[in-house]
Amino acid sequence: MSLSSMFRLSTALNKQVFQRAVKASRSFSAAPTYEFIKVEKTGSKNNVGLITLNRKKALNALCAGLMKDVSNALDVLESDKDVGAIVLTGSERAFAAGADIKEMQNNTFAECITGSFLGGWDRIAKTKKPMIAAVNGYALGGGCEIAMMCDIIYAGEGAKFGQPEILIGTIPGAGGTQRLTKAIGKSRTMEIVLTGDQFTAQEAEKWGLVSRVFPADKVVEEAVKLGEKICANSKLIVALCKESVNTSFETTLDQGLKAEKRFFYSTFATKDRAEGMKAFGEKRKPDFTDS
């Protein structure tokens with residue numbers, strides 16, 4: 001090989017290496033980074049998003065930075081077409097022991113109302129994809145509230161729930177008096193929020209707040225399995241079904257029934273409804289395209 005040929009080959013190889021390095025650098029810089037949570041995709045088909053609260057020393061106390069991380073992670077997972085369900089969890093000791101008291105204790109009424117304090121916390125409730133809370137340990141105050149923002153709650157055998165805000169001179173501010181009442185009724189909610197008493201995973205299951213209770217080391221695994229089962233269905237139809245159920249919490253029965261009919265009718269404009277019914281007639285699994 002001539003010197004000129006060797007030079008051209010060397011130049012081409014260097015150019016390829018440079019281009020690969022630039023591409024890798026862009027990919028790395030585009031990946032979101034989080035300070036207070038861990039985010040991954042899991043499941044046999046890598047289609048379940050898993051958000052793990054990660055302030056272990058503070059028992060996953062919900063500070064502004066953590067909630068911002070969760071919101072950003074939900075933005076990413078919702079835009080990922082492969083993800084069909086999202087699991088939110090903490091550690092075995094604490095799902096989240098409440099809002100960060102140190103962060104809020106010097107707030108004034110004016111600062112709360114002008115700054116819309118806790119205003120962004122409902123990002124979890126506004127997620128269009130199904131959210132499953134996998135709760136171990138303490139889910140108190142804000143921790144109980146963000147669990148209730150999820151669509152389904154799985155709990156470990158030793159999980160403890162509660163709204164203890166009354167014990168520090170305040171009340172729940174992210175849905176504790178509202179969602180808990182709708183889930184377990186007025187009398188039990190009054191008893192819990194006016195005393196600050198905690199209640200067990202078994203009581204939460206009995207009252208209808210928690211869907212299922214598992215051994216602590218199985219909760220996340222079972223929540224992911226549930227997410228995978230949901231992912232086997234059309235993401236489009238799942239979103240409509242979730243919205244229909246949520247409508248029942250926000251309207252009268254008559255309004256809810258009318259909304260349900262409209263959601264039902266709208267499925268007949270989708271390819272997945274046609275495919276699902278065709279597959280049923282042909283006795284085979286449907287091949288949903290989320291369209």
What distance separates [X] [atom1] from [Y] [atom2], expressed to the nearest 0.5 Å?
X	Y	atom1	atom2	result
Asp69	Ser71	CG	OG	9.5 Å
Ile132	Cys150	CD1	SG	9.0 Å
Asn136	Phe214	CG	CZ	11.5 Å
Thr181	Arg188	OG1	CZ	12.5 Å
Leu77	Glu40	CG	CD	10.5 Å
Lys68	Leu66	NZ	CG	13.0 Å

Hydrophobic clustering (ILVMFWY, side-chain heavy atoms < 4.5 Å, transitive) - are [Y] and [X] grouped together?
X	Y	value
Val39	Val220	no
Leu240	Val83	no
Met148	Trp207	yes
Leu88	Ile153	yes
Val224	Val135	no

**Request:** For the pair Phe161 and Phe199, name the ring-plane relationship: parallel under 30°, tilted 30 to 60°, perpendicular over 60°.
**Result:** parallel

**Item:** Tyr138-Phe95 aromatic ring centre distance below 6.0 Å
**Value:** no

Looking at [Y] and [X], is any side-chain nitrogen of the basic one under 4.0 Å from a carboxylate oxygen of the acidic one?
X	Y	answer
Glu78	Arg123	yes
Lys225	Glu222	yes
Asp80	Lys41	yes
Lys160	Glu203	no

If you compare all heavy atoms of [X] against all heavy atoms of [Y], which two are closest, and at what distance to 0.1 Å?
X	Y	value
Val210	Ala155	CG1-CB, 3.9 Å
Gly256	Thr251	N-OG1, 3.5 Å
Gly196	Ile166	N-CG2, 3.7 Å
Ala73	Tyr34	CA-OH, 3.4 Å
Ala216	Glu92	CB-OE1, 4.0 Å
Glu275	Arg284	OE2-NH1, 2.7 Å

When you compare the side chain of [Y] with that of [X], does any pair of heavy atoms fall below 4.5 Å?
X	Y	value
Ile152	Met131	no
Arg55	Asp100	yes
Thr270	Ser234	no
Phe263	Cys241	no
Cys231	Val48	yes
Pro130	Ile86	no
Met67	Ile146	yes
Ile168	Ile101	yes

**Asked** In terms of side-chain heavy atoms, does Thr252 have a donor or acceptor partner in Gln255 at a distance below 3.5 Å?
**Response** yes

**Prompt:** Under 6.0 Å from the CD atom of Gln202, do we count more than 12 heavy atoms belonging to anything else shown?
**Reply:** yes

**Request:** Step through the shown structure and confirm whether more than 12 heavy atoms of other residues, nucleotides or ligands are within 6.0 Å of CZ on Phe268.
**Result:** yes

**Asked** Passes side chain to side chain donor-acceptor pair (under 3.5 Å), Glu260 versus Thr247? Steps please.
**Response** CA-CA 8 Å; Glu260 181 187 67; Thr247 300; over 6 Å; no

**Asked** Can you check salt bridge (Lys or Arg N to Asp or Glu O under 4.0 Å) on Asp290 and Lys81, steps first, answer last?
**Response** CA-CA 9 Å; Asp290 306 321; Lys81 293 182 179 179; over 6 Å; no

**Request:** Run the numbers on Thr89 and Ile51 for side chain to side chain contact (heavy atoms under 4.5 Å, CB included), then give the verdict.
**Result:** CA-CA 6 Å; Thr89 192; Ile51 300 175; over 6 Å; no

